[in-house]
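Only one structure is covered here, and it is reproduced in the block below.
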Amino acid sequence: MSTHVLILGGTAEARELAAALVARRDVRVTTSLAGRVARPGAITGEVRIGGFGGADGLADWLREQRVDALVDATHPFAESITANGARAAAATGVPELVLRRPGWLPDPEDRWHPVTSLAEAADLLPRLGRRVFLTTGRLGLAAFAHLTDLHFVVRSVELPQSPMPPHTEVLLARGPFTVADETALLNDHCVDVLVTKDSGGRATAAKLTAARELRLPVVVVQRPPLPEAVSTVPDVAGVLAWLGLDPP
């Protein structure tokens, strides 16, 4: 009988893991997406789109589908999904692992201002600049909607919805972006402060390099804590080792 692995996905690591597992004949792979992006990146293998109905719904699905292992490869800020995954795994006895890319580390020349929430970032912004490149995701713009004196440049794969700051310029684009791309954007839009989440990884790190070279302050929203007692690995190789599989 094949091993059934459920991947809570949405990240590049989730796609990489799905491809590595689908290549094995003795593993059944299902990748679950929340459905918040209308055109997600291509994923190898079986894909499920939509929520489970909280931790209890996920636990029911794990039992019904006879899942043998649960891998949470969601975004580092998908706090509720990660919490539901941990609760469902504990309720069903299904082994769970969190695949989480390492966070970014500041360079000595960086001008980072760490904060613990979007609300804290919004409180800090007026003291740092007037033209903001906001890269915290289209679903978090409401936290900045009251900042009527600042101009925001927001880049998103899809159009964001209100509420959002009244002076917001939306750029529709999908990464990855080079340092040259990010430098040109910051210069062209006269940005004087960058706001980002510590999502980690190379795909979105170019903006940090560009901000460093331009000596711009960067407000960095730190990651929420993981649920207690969950095990984590930083890469796909770690997941394969946890599953007892040799690397491809």
Side-chain angles (χ1 to χ4, degrees), residues 10-12 33-41 74-80 101 103-104 106-107 109-224:
T11 60
L33 303 178
R36 292 177 177 172
V37 178
R39 293 177 297 169
T74 57
H75 191 276
F77 286 82
E79 189 173 5
S80 62
R101 70 183 78 127
W104 291 314
D107 184 274
E109 296 182 0
D110 282 323
R111 299 174 59 196
W112 284 13
H113 298 264
V115 295
T116 59
S117 66
L118 293 178
E120 189 178 344
D123 289 342
L124 181 61
L125 269 182
R127 288 175 274 168
L128 297 177
R130 311 301 295 179
R131 297 184 62 85
V132 185
F133 183 28
L134 186 58
T135 65
T136 55
R138 65 186 178 91
L139 300 179
L141 298 185
F144 304 89
H146 64 287
L147 297 175
T148 59
D149 293 334
L150 304 186
H151 179 89
F152 289 85
V153 177
V154 174
R155 184 171 60 203
S156 177
V157 175
E158 298 179 359
L159 280 173
Q161 296 179 347
S162 296
M164 66 177 73
H167 306 294
T168 298
E169 181 178 359
V170 178
L171 308 177
L172 295 180
R174 185 190 292 271
F177 304 97
T178 67
V179 174
D181 293 333
E182 303 293 49
T183 301
L185 185 153
L186 294 172
N187 283 328
D188 291 347
H189 293 272
C190 301
V191 169
D192 52 19
V193 58
L194 166 67
V195 183
T196 187
K197 291 179 177 178
D198 180 17
S199 55
R202 297 180 180 178
T204 57
K207 61 192 173 191
L208 299 175
T209 303
R212 180 190 312 134
E213 293 177 351
L214 294 173
R215 303 295 300 155
L216 298 181
V218 181
V219 179
V220 181
V221 182
Q222 298 173 319
R223 297 178 176 188

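Remark: side-chain polar atoms of Asp123 are not paired, donor with acceptor, to backbone N or O of Glu120 under 3.5 angstrom. A donor-acceptor pair is defined here as one N or O able to donate and one able to accept, closer than 3.5 Å; no such pair exists between the side chain of His167 and the backbone of Phe152. When atom types are taken as modelled, the side chain of Arg101 and the backbone of Ser199 share a donor-acceptor pair closer than 3.5 angstrom. Under the 3.5 Å distance criterion, the side-chain polar atoms of Arg155 are left unmatched by any main-chain donor or acceptor of Leu172. Of the possible donor and acceptor atoms, none in the side chain of Asp110 sits under 3.5 Å from a partner among the backbone N and O of Trp112. No donor-acceptor distance shorter than 3.5 angstrom exists from the side chain of Thr168 to the backbone of Val153, with no hydrogens or angles considered. In this structure a side-chain-to-backbone donor-acceptor pair under 3.5 Å is present from His75 to Phe77.
Taking all atoms of both residues into account, the shortest heavy-atom contact from Ala210 to Thr183 is CB-OG1, 3.4 Å. Here the closest non-hydrogen pair linking Arg138 and Pro160 is CB-CB, 3.7 Å. When all heavy atoms of Pro126 and Leu150 are compared, the pair lying nearest together is N-CD1, 4.3 Å. A pairwise comparison of heavy atoms in Ala145 and Pro166 identifies O-CD, 3.6 Å as the closest pair. Here the closest non-hydrogen pair linking Leu118 and Val221 is CD2-CG2, 4.1 Å. The minimum heavy-atom distance linking Arg223 with Pro76 is given by the pair NE-CB, 3.7 Å.
The distance from atom CG of Leu141 to atom OG of Ser156, rounded to the nearest 0.5 Å, is 8.0 Å. Once rounded to the nearest 0.5 Å, the distance linking NZ of Lys197 with OG1 of Thr204 reads 12.0 Å.
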### Message
Does Gln222 form a side-chain contact (heavy atoms from CB on, under 4.5 Å) with Val115? I'd like the steps, not just the answer.
### Response
CA-CA 6 Å; Gln222 298 173 319; Val115 295; over 6 Å; no
### Message
As a quick check of understanding, evaluate side-chain contact (heavy atoms from CB on, under 4.5 Å) for Leu124 and His113, giving each step before the final call.
### Response
CA-CA 9 Å; Leu124 181 61; His113 298 264; 3.7 Å; yes
### Task
Report the C-alpha separation of Leu185 and Asp188 in whole Å, then their side-chain angles, then the decisive distance to 0.1 Å, and conclude whether the side-chain contact (heavy atoms from CB on, under 4.5 Å) test is met.
CA-CA 5 Å; Leu185 185 153; Asp188 291 347; 5.9 Å; no
### Intermediate values then yes/no, side-chain contact (heavy atoms from CB on, under 4.5 Å), Leu216 and Leu186
CA-CA 10 Å; Leu216 298 181; Leu186 294 172; 4.0 Å; yes
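With a 4.5 Å cut-off on side-chain heavy atoms, Leu147 and Leu125 count as touching. Contact of the Val193 side chain with the Phe133 side chain is not registered, since no non-hydrogen atoms from C-beta on lie closer than 4.5 Å. Counting heavy atoms from C-beta on, the side chains of Thr135 and Lys207 come closer than 4.5 Å. Between Leu194 and Val219 there is no side-chain heavy-atom pair separated by less than 4.5 Å. With contacts defined as side-chain heavy-atom distances shorter than 4.5 Å, the pair Glu169/His189 qualifies. By the 4.5 Å heavy-atom criterion applied to side chains, Thr196 and Trp104 are counted as neighbours. For the pair Arg215/Glu109, a side-chain contact is recorded, criterion being any heavy-atom separation below 4.5 Å from C-beta on.
Between Arg174 and Glu158 no salt bridge is recorded (no basic side-chain N to carboxylate O distance below 4.0 Å). Salt bridge absent: Asp192 and Arg131 never bring a charged side-chain N and a carboxylate O closer than 4.0 Å.
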